[in-house]
Structures are given as structure tokens and as C-alpha cells.
Amino acid sequence: MTDAKPHGRLRPARPEQVAGGAGTGRDTTGGAGTGRDTTGGAGTGRDTTGGAAGHGGTGAGNTGAGNTGAGGSPATGVGTAGAHPRGAHARLNPAAELGFSGDPEQHGDHGDELLHAQRIWDGTLATNRLDDAGLNAERQRVETKDVTASVSLLVDGWPEDVRACVESLLEHTHVKVLAMDLGDVDGAGDVLAGLAERHPERVTLWRVAEQPHWRGGTATWGESRAKLLRLDDSEVHVLMETSVALRGDALTPLLAAIAEGATAAGWHGADLYDDGLREAGPGRVQALTGEIVAVRRQAALSALPEDAHYVRNADLALSLGLRGELVVPEGTPPLVRLNAHDVPADYADREARRNYDDALRLTRR
């Protein structure tokens with residue numbers, strides 16, 4: 001056991017969200033420029049007012065005056081005669097190349113000009129969004145590269161979904177997979193054993209003879225999840241259901257939120273009201289729900305509802321038992337739902353209500 005292991009890679013969990021912070025590259029006033037600032041700050045190549053000229057920039061007050069930024073290419077604006085290499089010729093009609101009339105006396109169709117300008121604008125916005133998404137993803141990968149994490153799976157049937165779930169984790173992540181099979185329902189344990197045999201460095205399997213509680217056995221969700229949690233030695237423990245599969249890296253944004261100070265992060269959030277739960281997020285939320293939740297392992301040890309028999313609303317009880325900030329990241333999770341893992345309806349309703357009532361009691365403490 002490694003419960004006393006110091007975790008130097010994660011920042012301390014923060015109790016509340018702190019407003020403000022550094023700009024993201026689109027700030028329009030103040031702060032340190034990051035490449036797209038338009039006022040103030042240190043320019044980095046695209047600033048148009050103030051700051052020192054960056055790579056290829058034009059510097060403060062020197063646009064169109066023939067000056068070039070440090071490391072930049074010759075400017076081609078007004079007052080830059082001789083900027084083109086000797087022998088080079090100006091384009092015959094640069095405006096026409098962009099879809100506009102090149103003759104000052106022939107303005108062309110105004111509607112066409114507006115349409116072309118809109119297309120350029122839309123294309124620029126789309127490119128910027130892609131750039132931002134790529135930079136953000138890379139930043140998160142750098143921030144979390146030293147954070148240890150494991151995904152835990154509780155297997156109680158649906159062998160084909162188990163295969164799809166585990167294979168998606170192997171394809172899209174680099175984390176360890178910790179799996180516990182309950183009673184080899186419908187051969188799901190054998191499927192898992194085959195995956196563990198082929199990927200021993202990634203998949204660790206524990207098999208127990210007890211059948212799951214929903215099938216009349218003694219293996220409950222809470223006790224089984226608690227065993228997986230205690231067998232883990234990672235900083236971040238990810239609870240995942242085998243009813244979903246990844247279609248991309250759905251873990252790094254969750255790990256990044258925790259690395260930045262959150263206690264737990266998930267793709268579905270909820271806030272509690274007098275009339276029940278309401279969907280919440282992105283950002284800080286009161287509770288986390290859904291098929292994938294990442295949590296600081298040390299925090300989960302004292303919050304996991306070990307007396308829960310069934311999964312529904314047990315995630316709600318877990319998140320409400322945690323101290324600290326719960327976060328839903330921006331964006332659409334790259335997840336796909338597989339088959340519905342149905343259990344007897346009366347059992348599911350009874351246990352879900354039991355877990356929900358236990359979760360509400362946590363809010364009254």
C-alpha cells in the first residue's frame with residue numbers, strides 16, 4: 001500500500017475557484033501579450049499597438065514605415081521601396097486575386113465583396129479555433145506528463161463492451177488499466193483475461209468468484225470499487241464504466257483540471273436544487289456524474305460510498321463526499337456510449353433511490 005506516498009507532481013487541491021489569471025492570447029488590454037494581444041503587453045509577432053516587436057512583427061509605431069521587426073522579413077507597405085529583390089515584379093492585380101475588382105473605377109458587385117470578406121473572416125476564425133484547441137491540448141499534455149493515473153473498471157458482464165472499452169483506453173491513453181471481474185458473467189472475465197495477457201504492461205486483472213449484487217451475488221459496487229481504489233498507487237484514480245468507449249483522449253483534460261488544483265473532474269456535472277439535480281458546467285460544479293470521473297486518490301479514500309450496492313447515483317454520493325473543487329472541462333468529450341447495461345428495473349430503482357438519499361444526507365452535514 002502507498003497511501004502515505006508523497007505526491008509532489010500535483011498542486012494542492014484548491015478549496016475554491018480564483019477569478020482572473022493570465023490572458024489566453026486574445027486579451028485586448030493589459031497583461032503580457034501572447035501572440036494576439038491588440039493593446040499593451042509585450043508583442044510576440046502579431047501585436048498592433050504597443051510593446052516590443054516580436055518575430056516578424058512591426059514594432060510600436062513603425063507599421064508601414066519601412067521598418068521590420070526583429071528577425072522579420074522585409075515589409076511591403078507604404079514607404080518600402082526597394083523591399084522586393086531586384087528583378088521581382090509586382091503582381092498585376094492583387095485585388096483581383098482576392099476576389100475584388102482591381103480597377104478603381106469598376107467596383108464590382110458589392111454583394112460579392114461582402115461574401116468574400118465573410119468567407120475570409122469565417123476561415124480565419126476557424127483556423128484560430130483549431131490553433132487554440134491544439135495549443136491547449138499540447139499545454140495540458142505537458143502539464144500532466146508527470147502525473148500518475150490509473151483507470152479502474154468493474155466488470156460484471158457485456159463482454160463485447162468490455163473489449164471495446166479496454167481497447168479504446170489502450171489506443172487513446174497511456175495510463176494503467178486496473179480491472180476487477182465479478183463472476184465472469186457471460187464470459188466477460190475471459191475476454192478481459194485475454195486483453196491482460198496481450199498487454200501485461202498496461203492491464204492488471206483481478207478475478208473474484210462472487211457474482212455481482214444485481215444478479216443476487218455478494219459483490220457490491222461500493223466494496224468492489226473500494227478494493228480497486230486501495231490496490232491503486234497512482235495520484236489520480238479514474239472511475240470508468242464499461243458502457244462507454246473513448247474516441248479520443250478524454251482523460252488529459254480531466255487530469256489537467258486536477259493538476260491545476262481541482263479535487264475531481266468529470267465530463268458531466270450537476271448542481272442540486274430543491275426539486276432535484278440540474279445539469280451544470282463547464283466550470284465548477286457541485287457534483288459530478290457520468291461514466292468517467294477522475295479524482296485525487298487520497299481524497300477518494302475517505303469519500304467513496306463503500307455501502308453502495310449499485311452504480312446509479314453512487315457517483316453522485318462520491319462527489320458530494322469530496323472536499324474541494326469539482327470541475328467539468330470545456331469542450332465535447334470524445335466518448336461514445338455502447339450498449340445499455342440494463343439490470344432488473346425494480347432493483348435499479350430501489351438502489352438508485354437509496355444512493356440518492358445517502359447523497360442528499362451528505363449535503364446536510
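We number each residue from 1, following the sequence as shown.
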Give me the one residue out of Val191, Leu192, Val155 that meets side chain to side chain contact (heavy atoms under 4.5 Å, CB included) with Val166.
Leu192
Ser224 side-chain N/O to Trp221 backbone N/O, donor-acceptor pair under 3.5 Å
no
Minimal heavy-atom distance between Ala270 and Leu277, with the atoms involved, is CB-CD2, 4.2 Å
Among Arg225, Lys176, Lys227, which residue satisfies the side chain to side chain donor-acceptor pair (under 3.5 Å) criterion with Ser152?
Arg225
Would you tell me whether Arg297 and Ser234 have side-chain atoms, one donor and one acceptor, within less than 3.5 Å of each other?
no
Please check this pair: side chain of Asn355 against backbone of Arg312, looking for a donor-acceptor N/O pair closer than 3.5 Å.
yes
Is any side-chain heavy atom of Thr263 closer than 4.5 Å to one of Arg323?
no
Cluster link Leu205 to Leu170, ILVMFWY, side chain under 4.5 Å
yes
Candidate pair Thr220 and Glu306, rule side-chain contact (heavy atoms from CB on, under 4.5 Å), full reasoning:
CA-CA 8 Å; Thr220 66; Glu306 295 190 35; over 6 Å; no
With a 4.5 Å heavy-atom cut-off, do Pro329 and Leu254 have their side chains touching?
yes
Listed by chain and number, what are the ring pair (Phe, Tyr, Trp, His ring centres under 6.0 Å) partners of Tyr356, not counting sequence neighbours?
none
Nearest non-hydrogen partners of Ala245 and Ala164, listed with the distance
CB-O, 3.9 Å
Output, in order, the C-alpha distance, side-chain angles, deciding distance and verdict of side-chain contact (heavy atoms from CB on, under 4.5 Å) for Val295 and Leu322.
CA-CA 9 Å; Val295 59; Leu322 294 169; 3.7 Å; yes
I'd like to check Val203 versus Leu169 (side-chain heavy atoms, cut-off strictly below 4.5 Å). Are they in contact?
no
For the student: nearest non-hydrogen atoms of Ala250 and Trp267, plus distance
O-NE1, 3.0 Å
Rounded to the nearest 0.5 Å, how far does CG of Leu326 lie from OG1 of Thr289?
11.0 Å
Hydrophobic cluster identity match, Val336 and Val244, side-chain contacts under 4.5 Å
no
Here the pair of heavy atoms bringing Leu304 nearest to Gly222 is CD2-O, 3.9 Å
Examine distances only and state if a side-chain atom of Gln286 and a backbone atom of Leu272 form a donor-acceptor pair shorter than 3.5 Å.
yes
Could you see if Leu255 belongs to whatever hydrophobic cluster contains Leu335? Use Ile, Leu, Val, Met, Phe, Trp, Tyr and a side-chain cutoff under 4.5 Å.
yes
Can a side-chain donor-acceptor contact be found between Asn339 and Trp158 if the only test is distance below 3.5 angstrom?
no
If we only count heavy atoms from C-beta on, is the Val162 to Leu153 side-chain gap below 4.5 Å?
no
Output all residues satisfying side chain to side chain donor-acceptor pair (under 3.5 Å) with Asp186, sequence neighbours left out; order by chain, then residue number.
none
What about Leu231 and Leu318, same hydrophobic cluster or not, with Ile/Leu/Val/Met/Phe/Trp/Tyr joined at side-chain heavy-atom distances under 4.5 Å?
yes
Just to verify, which of Asp156, Leu154, Val343 counts as forming a side chain to side chain contact (heavy atoms under 4.5 Å, CB included) with Pro212?
Asp156
Validation row, ring centre His213 to ring centre Tyr347 under 6.0 Å
yes
Contact between Asn313 and Arg353 at the side-chain level, heavy atoms closer than 4.5 Å - yes or no?
no
Compare every heavy atom of Ala294 with every heavy atom of Val236, then report the nearest pair and how far apart it is.
CG1-CB, 4.0 Å
Asp315 side chain to Leu288 backbone, donor-acceptor under 3.5 Å:
no
Do Ile258 and Val147 make a side-chain contact, defined as non-hydrogen atoms from C-beta onward lying under 4.5 Å apart?
no
Does one hydrophobic cluster hold both Leu251 and Leu338, with members joined at side-chain heavy-atom distances below 4.5 Å?
no
May I ask you to say whether Glu171 pairs ionically with Arg202, meaning some side-chain N is under 4.0 Å from a carboxylate O?
no
Measuring from atom CD of Glu223 to atom CE of Met180, what distance do you get when rounded to the nearest 0.5 angstrom?
10.5 Å
Looking at Arg278, is its backbone amide N or carbonyl O close enough to the side chain of Asp271 to form a donor-acceptor pair, meaning the two atoms are under 3.5 Å apart?
no
State whether the side chain of Ser319 and the backbone N or O of Ala287 hold a donor-acceptor pair below 3.5 Å, judged by distance alone.
no
Quick check on Asp275: does its CG atom have over 12 non-hydrogen neighbours (other residues, nucleotides or ligands) under 6.0 Å away?
yes
Less than 4.5 Å apart, side chain to side chain, heavy atoms only: is that true for Asp307 and Asp358?
yes
Count the heavy atoms belonging to other residues, nucleotides or ligands that lie under 6.0 Å from CD of Glu279, then report whether that count exceeds 12.
no
Under a 4.5 Å cut-off applied to non-hydrogen side-chain atoms, are Met240 and Val177 in contact?
no
For Gln211 versus Gly183, what's the shortest heavy-atom pair and its separation?
NE2-O, 3.1 Å
